[in-house]
Number of protein chains: 2
Amino acid sequence: MAGFTTIKDVAREVGVHPSTVSRALDPSQRDRLGPSIVERVLEAAERLGYRPDAAAASLRSGRSHLIGIIVPDIANPVFSPIISGLERALAARGYALIVVDQPPDRTAQPDILQMLVARRVDGLVLANVSLRDDAVERCLRWQVPVVLVNRAETTARVPSVVSDDIAGMRLAVEHLVGLGHRAIVHVAGPQSLSTGSLRRRGFIEAMAAAGLAVGGDAVMEAAAFTREAGLPAARELLKRRPDATAVIAANDLLALGVYEGLREQGRRCPDDVSVIGHNDMPLVDMVSPPLSTIRISHREMGERTGQLLLDIITGARETITQIVTQPELVARGSTAPPTPLTPQFG
Amino acid sequence: MAGFTTIKDVAREVGVHPSTVSRALDPSQRDRLGPSIVERVLEAAERLGYRPDAAAASLRSGRSHLIGIIVPDIANPVFSPIISGLERALAARGYALIVVDQPPDRTAQPDILQMLVARRVDGLVLANVSLRDDAVERCLRWQVPVVLVNRAETTARVPSVVSDDIAGMRLAVEHLVGLGHRAIVHVAGPQSLSTGSLRRRGFIEAMAAAGLAVGGDAVMEAAAFTREAGLPAARELLKRRPDATAVIAANDLLALGVYEGLREQGRRCPDDVSVIGHNDMPLVDMVSPPLSTIRISHREMGERTGQLLLDIITGARETITQIVTQPELVARGSTAPPTPLTPQFG
DNA sequence: TTGAAAGCGGTACCAC
DNA sequence: GTGGTACCGCTTTCAA
């Protein structure tokens with residue numbers, strides 16, 4: 001990596017002291033210098049192809065302009081737009097993003113969090129926290145600025161950006177009730193995650209608000225937010241509640257698992273059973289039938305997470321802010337009135 | 001960021017010189033020291049919660065243990081598994097990954113490449129190169145180790161990891177020909193990208209090998225590898241070649257655009273027209289009809305990219321290696337014999 | 001307004 | 001084997 005133009009080279013070229021170059025290059029210090037000197041420094045820096053060494057600046061200033069994010073799975077269509085939006089918001093303000101995958105099953109893995117802290121990231125985004133997470137504990141202890149995204153904790157001890165999961169489930173329930181459903185069941189996500197837990201609660205509350213009882217057999221928890229976990233959960237649920245005319249899944253992947261479960265049993269969607277998901281991930285409009293779902297803008301969540309974190313880092317924001325975005329209903333072909341459309345004359 | 005335990009603190013604690021601590025902490029230097037000292041240093045470092053400062057190490061050693069990747073879209077289901085696989089391979093060897101989104105349309109954007117080089121990344125992965133790319137030129141000039149992934153250049157001046165696009169198209173053509181198709185057309189991707197260009201060539205070559213002529217009207221280039229770009233291309237192609245019984249799309253998203261085009265015209269898939277895609281991205285097995293496609297393991301490509309790049313950086317590999325992975329056919333419901341299955345008796 | 005000098009926290013080379 | 005020391009490139013405090 002030798003051969004880079006340094007601040008000294010520029011100083012020598014212009015005939016000034018290195019610290020003068022440093023000041024000329026820093027917009028916030030620039031006005032303390034003579035205008036001609038600033039101009040000459042900038043010109044020389046440009047001409048020599050000077051690029052500041054981030055490591056040196058970081059070492060001296062204590063700021064790395066690096067943000068770390070820990071996600072459970074980069075390839076998951078929920079998390080990739082979050083990363084994308086986050087990256088965009090950070091880049092706009094001169095920060096770069098280190099992305100780390102931390103699948104929940106990888107136990108005894110190297111300590112990712114410590115690795116990022118050792119790299120002196122200026123802040124951290126956690127997209128994988130459970131309801132009470134040790135990682136948050138440690139960030140707090142180490143005084144590393146942190147923002148949770150998508151999933152939050154039960155306590156609001158750190159800032160977070162999440163979708164209103166309760167409201168999302170209310171939309172889902174009201175949609176189905178509006179169509180005439182009354183026997184509605186829920187394939188829940190892991191209850192160790194806020195998304196799984198809140199959506200389950202949102203389901204129960206919305207059902208109660210609609211005057212519908214939710215028996216203990218109306219909710220089945222899936223082992224993970226995946227298609228694979230959705231299938232057995234759907235099987236079990238449909239067996240327990242053969243009368244159900246609608247299934248609300250805690251996310252789209254689970255909903256697809258429900259599709260498979262229905263297919264296995266020879267029941268048709270939406271003719272026999274309506275299905276609704278959560279997230280509106282890419283392509284669910286192309287499956288058969290097109291999936292009705294609760295849309296969350298993950299990209300926007302990522303962007304707002306970035307802005308919030310940088311505001312905290314730069315001191316522009318002091319309070320622990322909880323940003324809650326509002327989801328919306330996207331009705332497609334997987335939800336329909338419970339009985340065939342033939343009117344019940346006579 | 002004050003308050004971190006430094007190497008000096010550890011040295012003081014153990015009663016040795018800082019450089020001794022540095023050596024004790026470096027596995028490759030450790031054996032030059034007395035075993036008891038190593039043990040004491042390690043114990044003290046652990047006890048004091050010592051974490052090496054990556055910036056300081058980077059500044060002095062010239063190695064940042066940071067790799068940069070530039071992708072056209074993180075959220076694209078093709079690139080996210082590449083990132084995921086890459087990240088895994090790098091983490092296994094102590095490197096972290098900086099991810100940067102560089103959508104093709106963002107012109108006059110800040111110079112991403114320079115930004116990454118300024119951060120002194122030890123190497124770069126480019127997932128967004130065109131057939132002759134300026135970014136490659138600059139990496140070469142700056143002597144930054146670089147590996148291309150997914151898309152390559154026409155010339156093999158730098159290492160790359162790509163799928164065998166020619167072979168993939170041969171699989172697609174042979175599959176359709178085997179089903180009895182002869183009037184096969186191609187929705188091509190952008191010809192400025194290796195994937196678009198090679199798949200087009202692979203189509204033409206495979207058709208020729210099957211003894212089928214490809215007229216100039218049998219190929220239609222889409223403006224981008226997206227569903228949105230696939231629809232107009234499909235419209236035009238189906239209008240020009242109403243006799244076509246099968247469409248090969250350059251990727252899955254284009255194939256979904258073709259689905260929409262067929263639907264518009266009231267033609268059914270696969271009954272009237274067979275469709276085959278490329279990539280086997282998530283969920284295409286759930287669309288209607290389930291999409292036949294050419295499967296590429298993007299995650300594996302990402303992993304091999306990481307290994308290759310680190311081998312280059314550590315000097316374990318000198319030659320410019322081109323890794324070409326073999327794709328496989330995944331036949332699903334979107335491809336079928338050209339005429340209805342009713343045998344042509346009498 | 002500019003120059004000088006002192007580090008930030010490691011690493012690497014030179015002595016001993 | 002271990003200690004000493006210079007220094008990576010930049011920022012920042014202090015002088016002038």
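Throughout, a chain's letter reflects where its sequence line sits, starting with A, and its residues are numbered from 1.
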Min side-chain heavy-atom separation B:D122-B:P145 under 4.5 Å: no
Applying salt bridge (Lys or Arg N to Asp or Glu O under 4.0 Å) to A:R60 and not counting sequence neighbours gives none
Original post:
Would you say the side-chain atoms of A:Q322 pair up with the backbone N or O of A:V158, donor to acceptor, closer than 3.5 Å?
Top reply: yes
- Hey, does the side chain of B:R23 come within less than 4.0 Å of C:dC13's phosphate (OP1/OP2), counting only N and O? no
OP1 or OP2 of D:dT11 under 4.0 Å from side-chain N/O of A:S61:
no
Under a 4.0 Å heavy-atom cutoff, the residues of residues 8-21 of chain B touching DNA chain D are B:V16, B:H17, B:S19, B:T20
By side chain to side chain contact (heavy atoms under 4.5 Å, CB included), A:R32 pairs with (sequence neighbours left out) A:Q29
Terminal axes of the helix from C:dT1-D:dA16 to C:dC16-D:dG1 (5 end pairs apiece), angle rounded to 10 degrees, sit apart by 40°
For residues 66-83 of chain B, run the donor-acceptor check on the side chains, cut-off 3.5 Å, and write out each pair with its distance to 0.1 Å, sequence neighbours left out.
residue, atom, partner, partner atom, Å
B:D73, OD1, B:A75, N, 3.0
B:N76, OD1, B:V78, N, 2.7
B:S80, OG, B:N76, O, 3.4

Taking D:dT13, C:dG9, D:dC10 as options, the one with an atom nearest any side-chain atom of A:R60 is D:dC10
So ring-ring contact (aromatic ring centres under 6.0 Å, His included) across residues 29-66 of chain A, not counting sequence neighbours, yields A:H65-A:Y95
Atom CG of B:L59 and atom P of D:dC7 are separated, to the nearest Å, by 14 Å
Report task. For B:T6, answer base if it contacts any base atom (sugar-phosphate contacts may also be present), sugar-phosphate if it contacts only those atoms, and nothing otherwise; contact means non-hydrogen atoms under 4.0 Å. Result -> sugar-phosphate
With sequence neighbours left out, the residues meeting salt bridge (Lys or Arg N to Asp or Glu O under 4.0 Å) with B:D133 are none
Residues pairing under salt bridge (Lys or Arg N to Asp or Glu O under 4.0 Å) where one sits in residues 306-315 of chain A, two or more places apart or in two chains, turn out to be A:R93-A:D311, A:D311-A:R317
By salt bridge (Lys or Arg N to Asp or Glu O under 4.0 Å), A:R51 pairs with (sequence neighbours left out) none
In whole angstroms, the gap separating P of D:dC8 from CZ of B:R120 amounts to 13 Å
Residue pairs meeting salt bridge (Lys or Arg N to Asp or Glu O under 4.0 Å), one or both in residues 138-159 of chain B, sequence neighbours left out, come to B:D111-B:R138, B:E137-B:R157, B:E153-B:R157
To the nearest angstrom, the CG-P distance between A:L25 and D:dG9 comes to 16 Å
Rounded to whole Å, NE2 of B:H65 lies from P of C:dT11 at a distance of 10 Å
Salt bridge (Lys or Arg N to Asp or Glu O under 4.0 Å) filter on B:E13, not counting sequence neighbours, yields B:R47
Under a 4.0 Å heavy-atom cutoff, the residues of residues 28-51 of chain B touching DNA chain C are B:Y50, B:R51
